[in-house]
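Below is one structure; the comments refer to it alone.
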Number of protein chains: 2
Amino acid sequence: MKMILILNKKVMSLEFNRFRDHIKTLGLRLTPQRVLIFEVFLQTEGHFSVEKLFQKASDLDPQIGIATVYRTMKLLTACSLAREFIMPNGSILFEKSSTQEQHDHLVCEVCGKIIEFEHPKIRQYQEEVAQSRGFSIYYHRLTLIGICEDCKK
Amino acid sequence: MKMILILNKKVMSLEFNRFRDHIKTLGLRLTPQRVLIFEVFLQTEGHFSVEKLFQKASDLDPQIGIATVYRTMKLLTACSLAREFIMPNGSILFEKSSTQEQHDHLVCEVCGKIIEFEHPKIRQYQEEVAQSRGFSIYYHRLTLIGICEDCKK
DNA sequence: TTTAAAATGAGAATCATTTTCATTATTATA
DNA sequence: TATAATAATGAAAATGATTCTCATTTTAAA
Ligand SMILES: [Mn+2]
Ligand SMILES: [Mn+2]
Ligand SMILES: [Zn+2]
Ligand SMILES: [Zn+2]
C-alpha cells in the first residue's frame with residue numbers, strides 16, 4: 001500500500017514524537033499502518049478493546065490486519081502512550097496514559113461503569129510496604145470492584 | 001465409580017463443613033470427585049494453577065476430568081475457601097483463603113516470587129475513595145509488580 | 001426399586017491472542 | 001538509481017486456557 005502521510009498538527013504532537021522515537025530507537029520503521037493505528041488510538045476516549053480499535057482502523061483502511069493492531073498496541077504500551085487495564089472478567093482494555101496522570105479504577109459489577117481515582121496516600125503506603133520487604137515497584141494494579149451509586153437505587 | 005469415603009479428622013474440618021454446607025445449600029451433591037479435589041486443594045500450599053491441582057488429583061484418581069476440577073474450584077471460590085489470584089502475565093492461580101487473613105501481593109518480575117502483605121491503611125483509604133464516589137466495594141485486586149531483594153543483587 | 005435430578009469425563013467449541021509465512025515495503029548502501 | 005538486507009504486513013493457522021455439550025453414570029429421594 002502506497003500512502004502519502006499528511007502529518008497535521010495533531011499528529012506532530014508530543015505523543016507522536018514519543019511513538020516515533022520509540023520505534024526509531026528499536027531500529028523499527030514508521031509505517032503507514034502504524035501511523036494510522038496511532039491516530040485512531042489517540043482519537044479514542046475512555047477504555048477500549050483492541051477489537052474496537054481494529055474496527056475504527058478498518059473504516060479508514062479496510063486492508064488493515066488485526067495482528068498489526070495487536071503489534072502496534074504493544075509498541076504504544078512499551079513507550080507508555082497506552083496502558084492496559086484488566087476488567088474484573090479478565091478482558092483487556094487499553095487507555096491513553098501520556099496526558100492523564102496515573103490513576104486506578106472503580107468498576108461497577110452491575111452496569112460496568114468505570115470510575116477513575118487517584119489517592120496519593122495509597123501510593124505512599126504501597127511504596128512503604130514494598131520498601132519494608134526490600135522490594136522495588138515497577139508498576140501496580142489496583143481495581144476496586146463493587147456497585148455504583150446509580151445501581152444501588 | 002464406587003468409592004467408600006473415609007473422612008478423617010483433617011476432612012471433618014471447618015473447611016470441609018463450609019464446603020459441604022455450600023454444596024447442600026445449592027441443592028448439589030457431595031461426590032467422591034469433589035471430596036478428592038477438595039482434599040488435594042487443602043493439601044496444596046501457596047499459589048497454584050488448576051493444572052497443578054489436576055495433576056495431583058490425577059495421581060489419586062486417574063479417571064478425574066479437568067472439567068470437574070474447574071467446576072469444583074468454582075464451588076470452592078464461591079464459598080470463599082479459595083481465592084483467585086491473577087499473575088501479572090494474566091495466568092490465574094488459586095490459594096486457600098479460609099485460614100489466612102485477607103492479603104495482597106508483591107510479585108517479582110525477575111524470579112516470580114510472590115510476597116504477601118496486609119496494610120490496613122490501604123484498605124481504609126480504598127473504602128474512603130469508594131464512599132466518596134457513592135460506591136460500595138465487593139472486593140478488590142491489588143498487586144505490586146517489581147523486583148525483589150534477592151534479584152536486585 | 002423406581003424415578004428424577006445432578007454430576008461426570010471426553011472431547012468439541014470458544015475466543016482472544018500469537019505465530020507463521022509468503023509477499024511487499026522500507027532503508028541503507030554501492 | 002539499482003541492489004541488497006531487513007523489517008512489516010495480512011491471511012490464515014496455531015495456541016491454550018476455559019467452557020460447553022452430551023451420552024452415561026451416580027446420587028438421593030420417594
Ligand atoms: Mn482509566
Ligand atoms: Mn496469597
Ligand atoms: Zn452501576
Ligand atoms: Zn526476584
Side-chain angles (χ1 to χ4, degrees), chain A residues 1-5 7 19-38 40 47-55 57-78 82 84-94, chain B residues 1-5 7 19-38 40 47-55 57-78 82 84-94:
Chain A
M1 183 184 64
K2 195 67 186 173
M3 182 189 272
I4 296 167
L5 296 178
L7 302 178
F19 185 45
R20 192 200 50 221
D21 290 352
H22 178 69
I23 280 176
K24 293 302 178 188
T25 298
L26 294 178
L28 305 179
R29 295 167 185 177
L30 195 60
T31 64
Q33 290 89 342
R34 283 173 178 168
V35 173
L36 176 67
I37 293 163
F38 165 81
V40 165
H47 306 83
F48 42 84
S49 63
V50 165
E51 188 59 35
K52 177 74 178 176
L53 290 181
F54 175 60
Q55 285 168 14
S58 294
D59 289 343
L60 299 171
D61 174 9
Q63 289 305 110
I64 210 90
I66 196 166
T68 302
V69 181
Y70 275 103
R71 290 187 279 235
T72 303
M73 289 317 294
K74 279 239 170 86
L75 292 172
L76 288 168
T77 303
E84 267 190 27
F85 169 61
I86 302 177
M87 287 286 278
N89 70 2
S91 66
I92 295 175
L93 303 181
F94 286 90
Chain B
M1 182 183 65
K2 195 67 186 175
M3 184 191 274
I4 295 167
L5 296 177
L7 301 178
F19 184 45
R20 192 200 51 222
D21 289 353
H22 179 70
I23 281 176
K24 293 301 177 188
T25 298
L26 295 178
L28 305 179
R29 294 166 186 178
L30 195 61
T31 64
Q33 290 90 341
R34 283 172 177 169
V35 173
L36 176 66
I37 293 162
F38 165 81
V40 165
H47 306 85
F48 42 84
S49 62
V50 165
E51 188 60 36
K52 176 76 179 175
L53 289 181
F54 174 60
Q55 286 168 13
S58 295
D59 290 343
L60 299 170
D61 174 7
Q63 290 304 111
I64 210 91
I66 197 167
T68 303
V69 180
Y70 275 103
R71 289 186 279 235
T72 303
M73 289 317 294
K74 280 241 170 85
L75 293 172
L76 287 167
T77 303
E84 267 189 26
F85 168 61
I86 303 177
M87 287 286 278
N89 70 4
S91 66
I92 295 176
L93 303 181
F94 286 90

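Each chain gets a letter, A, B and so on, in the order the sequences are listed, and its residues count up from 1.
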d(A/Thr31 OG1, A/Phe38 CZ) to nearest 0.5 Å is 13.0 Å

By side chain to side chain donor-acceptor pair (under 3.5 Å), A/Ser49 pairs with (sequence neighbours left out) none

Residue set satisfying side chain to side chain donor-acceptor pair (under 3.5 Å) with A/Asp59, at least two apart, ordered chain then number -> none

What is the distance from [atom1] of [X] to [atom2] of [N], rounded to the nearest Å?
{"X": "B/Phe54", "N": "D/dT18", "atom1": "CZ", "atom2": "P", "value": "13 Å"}
{"X": "A/Glu51", "N": "C/dT14", "atom1": "CD", "atom2": "P", "value": "17 Å"}
{"X": "B/Asp61", "N": "C/dT8", "atom1": "CG", "atom2": "P", "value": "11 Å"}
{"X": "B/Lys24", "N": "D/dA29", "atom1": "NZ", "atom2": "C1'", "value": "12 Å"}

Quick one: label B/Ile66 by what it contacts on the DNA or RNA (base, sugar-phosphate, nothing), any heavy atom closer than 4.0 Å. nothing

(message) Counting C-beta onward and ignoring hydrogens, is there a side-chain heavy-atom pair between A/Glu84 and A/Leu93 closer than 4.5 Å?
(response) no

> Has the side chain of A/Arg20 got a donor or acceptor atom that lies under 3.5 Å from a matching backbone atom of A/Leu30?
Replying inline: no

Residues passing the ring-ring contact (aromatic ring centres under 6.0 Å, His included) test with A/Phe85, sequence neighbours excluded, are A/His47, A/His105

Exercise. Side-chain N or O of A/Tyr70 less than 4.0 angstrom from OP1 or OP2 on C/dT18?
Worked result: no

Check this one for me: any side-chain N or O of B/Lys74 less than 4.0 Å away from OP1 or OP2 of D/dT19? yes

Could you give the side-chain donor-acceptor pairs of residues 69-77 of chain A under 3.5 Å, partners two or more places apart or in another chain?
| residue | atom | partner | partner atom | Å |
| --- | --- | --- | --- | --- |
| A/Thr72 | OG1 | A/Thr68 | O | 2.8 |
| A/Thr77 | OG1 | A/Met73 | O | 2.7 |

Taking five pairs at each terminus, the helix from C/dT1-D/dA30 to C/dA30-D/dT1 shows an axis bend, to 10°, of 20°

Scoring nucleotides 2-9 of chain D by protein non-hydrogen atoms under 4.0 Å (B base, S sugar-phosphate only, - none) yields ----BBSB

